[in-house]
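Sequence lines set the chain letters: A, B, ... in the order given, protein chains first and strands last, and positions in each chain run from 1.
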Protein chains: 2
Amino acid sequence: MKRLETDECGFASALNAISGKWKMGILWEVTLRPRRFGELRRLLPGVSEKVLAQQLREMEADDLIRREVFPGAVQKVEYSATDFGRSLNEAVDALSRWGKAFEKRQERKAMVA
Amino acid sequence: MKRLETDECGFASALNAISGKWKMGILWEVTLRPRRFGELRRLLPGVSEKVLAQQLREMEADDLIRREVFPGAVQKVEYSATDFGRSLNEAVDALSRWGKAFEKRQERKAMVA
DNA sequence: AAAACCACTTACCTTGGGGTGAGCGCTTAC
DNA sequence: GTAAGCGCTCACCCCAAGGTAAGTGGTTTT
């Protein structure tokens, strides 16, 4: 992912962490419980393996999620939310509530039209 | 702008309102005081006239800003934030603060490396 | 032996958001 | 009379995010 110049703007920095089509979806899922790669594929219909792997790597590098490889004959990898990742979810909360209100407005407009 | 399917997810709805490279910058500027088209050009270095006009139209349609044409010999158009637009700025606040924290982490990582 | 699950990687292609530069109709300054 | 400012629009181009499909190296099920 190309990063924006943040020049001390918190919002731009936050965008650098959350921009990526599936990142917030991934974060949400791993917040609920640890998830395996294939599980996430199924939970996020439409995501490609390439992009899923890619965004998981970036989120790990950004310390939003943790990647754990479990020993054993069959490969097992689990992704879970870090405390910092959870804090992002909370920060996004106010915006989500605003989004709900926005959605309602849009629906009202669609009604009239 | 192509809109995402929101399927009752507030965050996705919010993204539909704020995605656009200059929208949050525009919103911020018109929140401080009403701004004219040329003024915004200067305040947002790098924005092209095409995209500025485009995003202003979309934000007007989304009720985030108000467009007022003033009568007179020379063209004068002013853009200002609606109450709803101001409420978006507030909703983004928590995320911006999170972004600040993220930025600090990134800087620390860059130090070590 | 074949197919299917695991977690990926790699090469290739498509899409659309945004930049570039020119033009428009009008007015005011030099 | 010409340049510069106002607020735009239009045709064209670029590029990076993301999708597609195939492959990899292992194991387990049938």
Side-chain angles (χ1 to χ4, degrees), chain A residues 1-6 11-12 14-27 29-30 33-62 64-80, chain B residues 1-5 12 14-27 29-30 33-62 64-80:
Chain A
M1 274 282 210
K2 247 197 149 186
R3 304 241 148 169
L4 302 161
E5 292 161 42
T6 62
F11 179 69
L15 279 190
N16 280 333
I18 70 181
S19 66
K21 193 170 175 186
W22 305 96
K23 285 189 179 177
M24 289 309 295
I26 293 169
L27 186 60
E29 291 302 338
V30 301
R33 82 193 82 247
R35 305 284 195 181
R36 302 181 59 176
F37 186 90
E39 218 176 338
L40 287 169
R41 274 225 62 180
R42 273 169 252 124
L43 287 164
L44 304 168
V47 72
S48 66
E49 299 188 343
K50 187 194 81 172
V51 174
L52 180 55
Q54 200 173 274
Q55 309 208 334
L56 285 168
R57 301 266 167 274
E58 288 176 10
M59 293 173 72
E60 198 195 348
D62 285 346
L64 300 177
I65 62 175
R66 195 178 303 117
R67 179 177 187 269
E68 276 170 297
V69 182
F70 289 84
V74 273
Q75 272 197 73
K76 181 170 174 185
V77 179
E78 265 190 8
Y79 295 94
S80 49
Chain B
M1 275 282 212
K2 245 196 151 190
R3 303 242 149 169
L4 302 162
E5 291 161 41
L15 278 190
N16 280 332
I18 70 180
S19 64
K21 193 171 176 185
W22 305 97
K23 285 189 179 177
M24 289 307 297
I26 293 168
L27 186 59
E29 291 301 338
V30 301
R33 82 193 83 247
R35 304 285 195 183
R36 300 181 60 175
F37 187 89
E39 217 176 341
L40 287 169
R41 273 225 62 180
R42 271 168 255 126
L43 288 165
L44 305 168
V47 71
S48 65
E49 298 188 345
K50 187 195 79 170
V51 172
L52 180 55
Q54 200 173 274
Q55 308 208 338
L56 285 168
R57 299 268 166 274
E58 289 176 8
M59 293 173 73
E60 197 195 349
D62 285 345
L64 300 177
I65 62 174
R66 196 178 303 116
R67 178 177 187 270
E68 277 171 295
V69 183
F70 290 83
V74 273
Q75 272 196 74
K76 180 172 176 185
V77 178
E78 263 189 11
Y79 295 93
S80 48

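Separating the CE atom of B:M1 from the C1' atom of D:dA17 is a distance of 14 Å, rounded to the nearest angstrom. In this structure, B:F37 places its CZ atom 8 Å from P of D:dT9, rounding to the nearest Å. Counting to the nearest Å, the P atom of C:dG16 and the CZ atom of B:R3 are 15 Å from each other. In this structure, CZ of B:R67 is placed 12 Å from C1' of D:dC6, rounded to the nearest angstrom. Between A:R41 atom CZ and D:dA21 atom C1' there is a gap of 12 Å when expressed in whole angstrom units. One interatomic measurement links the two molecules: CG of A:L40 to C1' of C:dC6, which rounds to 14 Å at whole-angstrom precision. Atom P of nucleotide C:dG19 and atom CG of B:L44 are separated by 11 Å, given to the nearest angstrom. If you measure from atom CG of B:L43 to atom P of D:dG7, you get 12 Å, rounded to the nearest angstrom.
Proximity of A:R35 to the phosphate of C:dA7: no side-chain N or O atom is located under 4.0 Å from OP1 or OP2. Side-chain N/O atoms of B:R57 include one lying less than 4.0 angstrom from OP1 or OP2 on D:dT9. Within the 4.0 Å cut-off from OP1 or OP2 of D:dG7, at least one side-chain nitrogen or oxygen of B:R36 is found. The phosphate of D:dC6 has OP1 or OP2 within less than 4.0 Å of a side-chain N or O from B:R42. Between B:K2 and the phosphate of C:dG16, there is a side-chain N or O to OP1/OP2 separation shorter than 4.0 Å.
Along DNA chain D, the nucleotide nearest B:E78 and the nucleotide nearest A:Q54 are compared for position; the residue whose nucleotide lies closer to the 5' end is B:E78. Both A:K50 and A:A73 lie close to DNA chain D; mapped to their nearest nucleotides by heavy-atom distance, the more 5′-ward contact belongs to A:K50. Taking for each of A:G38 and B:Q75 the nucleotide of DNA chain C with the nearest heavy atom, the 5'-most of the two is the partner of A:G38.
Annotation: side chain of B:I26 is not in contact with side chain of B:V47 (no heavy-atom distance under 4.5 Å). Within the 4.5 Å cutoff, the side chain of A:K21 has no heavy atoms near those of the A:V51 side chain. Counting only heavy atoms from C-beta outward, the side chains of B:K23 and B:I18 never approach each other to under 4.5 Å. For the pair A:V77/A:F37, no side-chain contact is recorded, criterion being any heavy-atom separation below 4.5 Å from C-beta on.
Distance from the side chain of A:W22 is smallest to D:dG19 among C:dT20, C:dT27, D:dG19.
Paired with B:R35 under the rule side-chain contact (heavy atoms from CB on, under 4.5 Å), one option of B:E78, B:E29, B:R42 passes, and it is B:E29.
Nucleic acid contact class of A:Q55 (heavy atoms, under 4.0 Å, all strands): sugar-phosphate only. In this structure, B:Y79 reaches the sugar-phosphate backbone alone: every heavy-atom distance under 4.0 Å involves primed, P, OP1 or OP2 atoms, never a base.
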